[in-house]
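Contents: one structure, followed by commentary.
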Amino acid sequence: MGIGFKKLYWVGAGAVFLLLLLFALAVIVPRVVDSAWLRSTIQAQVAKQVKGEFDFQKAELVILPHPAVSLQQVSLNIPETAQVRFVTIRVYPRLLPLLIGNIELGKIAIDNPDFSLPLPEKSAKKQEEERPFNLNTFLESVSTKLSQVLAAIPDLDVVLEKGTLRLFSGDVQVFLVTDINGEFKLSDQSLSTTISSFTALHENEKIIAKVENLKGNIQYSEQISVITVDDLSLAYPQIQLSGIFKFDKTVPHARLDITSQKTDITKVREVLPVLINAFYGDQPVVREIFDIIRGGKISQASLHVEGESPADLAVFESMTIQAHVKDGEILLSDLGLDLRGVTGDTAIAKGVLEGKNLQAKLGNSIGSGGTLKLGLVQKETIPFHLDLDLNADLAEVLPLLKQLVPKKQVLEYLSLIESVEGTSQGRLTLGESLESLTVRVEANKISGLATYKPIPYPVSIDGGRILYNGLKTESINLQGKIGRSTFTNYSSRMNFEGEPSIEVQSGIFHVVLDEIFPWLAKDKRLEDDLKDITTLTGIAEVTVKSIKGPLLQPGDLQYELLCDLKKIDHTATYLPGPLKIASGTVNIVPDKAVFENLQ
């Protein structure tokens, strides 16, 4: 035979074999599909493996593009585990085993599946003693039962389109997950999934999650369970996660590691408490965290927690969380502090939040180089520390001090300051616990204007340093103006422990007498001493040697002042005429004034 004849022979033989194969499919497969044997075989095998009930209304054969059996109106009921309804399920068996009467599934495609899973019922105790649903117990129970199903159908691909998942607590639907589209690959010890999208809703039909992509793997055995999430991307709340959960019963040891990118804290704050409350019940620490952390973006974060059992992974004090926050908001309502635009590195460990390299806005003040430490777990003493460099808006300092230092002595003195405006550079330090708060405020390079009740003229400060620490205030080298008068090198200490006191260590005042005298003359404490003076003009250069005594009782102050007089014009009822002094000095102490070198 020639080569051409051999090729024609094999082509013809192949055609005959294909015809015989199609004939077999046309004759054998329809009989198998339509037979009661197929229905009873499928029902018996599935029911045996899943320990439940399986039924379908109609089976049809699909030849093209791939041989498949289409089951319609399918129901699966696994007691205390799941109820499933399928509109259509297409089963793609392996062809050769089917021709000899064996059913080996290769792929399953499911249209519009509807899964219903009951959450474990609460214990039959009094309502106030009922334990909330525990996610760890639920996962362990479901995985045990699910492994029986998966072991019965190894090496199987399952494709879901427009699926629905319902989670029930009793008769109440707690969660609804819709539009599930994805693919699952099953083996006897693992399940891999790629889901393109789904939407989760709470019982009030509010969207709590909108998933764009989920890719992961579950590996399980009697000893070890591992859940790996390679990618979980959500459009709402905006977050991208990956992580791994591992539980080894032989040790025992459980571990959870999660990393996230592109997290919107504001949206997570809306969703996460709802989920945690549903799965674990009310968690005060969760409310505390989200009462404090109220917004921002996390570019990257990680969580690590481990313990002897999955339940230990829910212990907040065991968690270690690290994150880089941008444009965040931290609200410390008890202290009246609302930090916005927070950027920096944060960590939570042993129930304590810590921040480093923080930048933030406190009202109109801008902070940098900050550190924060705050206990998030309610204890008898809650640790707290805040340290922040500030370019401060002085208008906000006064109300802040009133909030942070609610001592009667301090508030009484601060009530004399009607308003403050201006700027300064400084540092705010608070600590070391919320129950016993110490306040330290340092202001440098001050440029401000204040209205002080005892003085009828605005007081401006242009330079110097003020330090408030505990209940003590120190002013160092202040300079500024009171009306047309000026002062330099003013340094003093004020102590608010017990009765408020003041000690002025230095200061030089250029006093314009025709401005200051009318104010002094109206003071009731000086009215008798000054009532006979009609006019007093000129300049007094006052050098403070010392002033000491009660802050709020000026009449009881002890003082020594040295004044250089210039161009003084003085008229009084006790003088026969105007008194003019070109120059001279006067040393003033309580109840005594000594004039020297008058000209």
Could you check whether atom CD of Glu308 has more than 12 heavy atoms from other residues, nucleotides or ligands sitting under 6.0 Å from it? no
Identify whether the distance between the nearest side-chain nitrogen and carboxylate oxygen of Lys356 and Asp345 falls below 4.0 Å. no
For Asn391, side-chain contact (heavy atoms from CB on, under 4.5 Å) partners two or more places apart: Gln425
Between OG on residue Ser447 and CD on residue Glu421, distance to nearest 0.5 Å: 10.0 Å
Glu435 (side chain) donor-acceptor with Ile382 (main chain) under 3.5 angstrom: yes
Looking at Thr193 and Lys215, would you say the former's side chain and the latter's main chain have a donor-acceptor pair under 3.5 Å? no
Would you mind telling me which of Val226, Asn217, Val229 makes a side-chain contact (heavy atoms from CB on, under 4.5 Å) with Ile244? Val226
Assess whether a salt bridge exists between Asp257 and Arg255, defined as any Lys/Arg side-chain N lying under 4.0 Å from an Asp/Glu carboxylate O. yes
What's the verdict on side-chain contact (heavy atoms from CB on, under 4.5 Å) for Ile180 and Phe115, showing C-alpha distance, side-chain angles and the deciding distance? CA-CA 11 Å; Ile180 305 174; Phe115 303 87; 5.5 Å; no
Is the closest basic N to carboxylate O distance between Glu474 and Lys472 below 4.0 Å? no
In Å, rounded to the nearest 0.5 Å, how long is the span from CG of Leu430 to NZ of Lys373? 14.5 Å
Once salt bridge (Lys or Arg N to Asp or Glu O under 4.0 Å) is applied, do any residues pair with Arg340, and if so which ones, sequence neighbours excluded? Glu329, Asp338
Do the charged groups of Glu183 and Lys185 touch, with an N to O distance under 4.0 Å? yes
Test salt bridge (charged side-chain N to carboxylate O under 4.0 Å, His left out) applied to Asp179 and Lys162, step by step: CA-CA 4 Å; Asp179 299 324; Lys162 298 182 180 180; over 6 Å; no
Give the C-alpha distance, both sets of side-chain angles, the deciding distance and a yes or no for side-chain hydrogen bond (donor to acceptor under 3.5 Å, both in side chains) between Ser233 and Asp231. CA-CA 6 Å; Ser233 298; Asp231 178 45; 3.0 Å; yes
Checking Phe86 against Asn112 for the side-chain contact (heavy atoms from CB on, under 4.5 Å) test, could you report, in this order, the C-alpha distance in whole Å, the side-chain angles of both residues, the deciding distance, and whether it holds? CA-CA 6 Å; Phe86 304 137; Asn112 300 300; over 6 Å; no
Under a plain distance cut-off of 3.5 Å, with no hydrogens placed, do Ser365 and Asp393 share a side-chain donor-acceptor pair? no
Hey, does the side chain of Tyr468 reach the backbone of Gly470 with a donor-acceptor pair shorter than 3.5 angstrom? yes
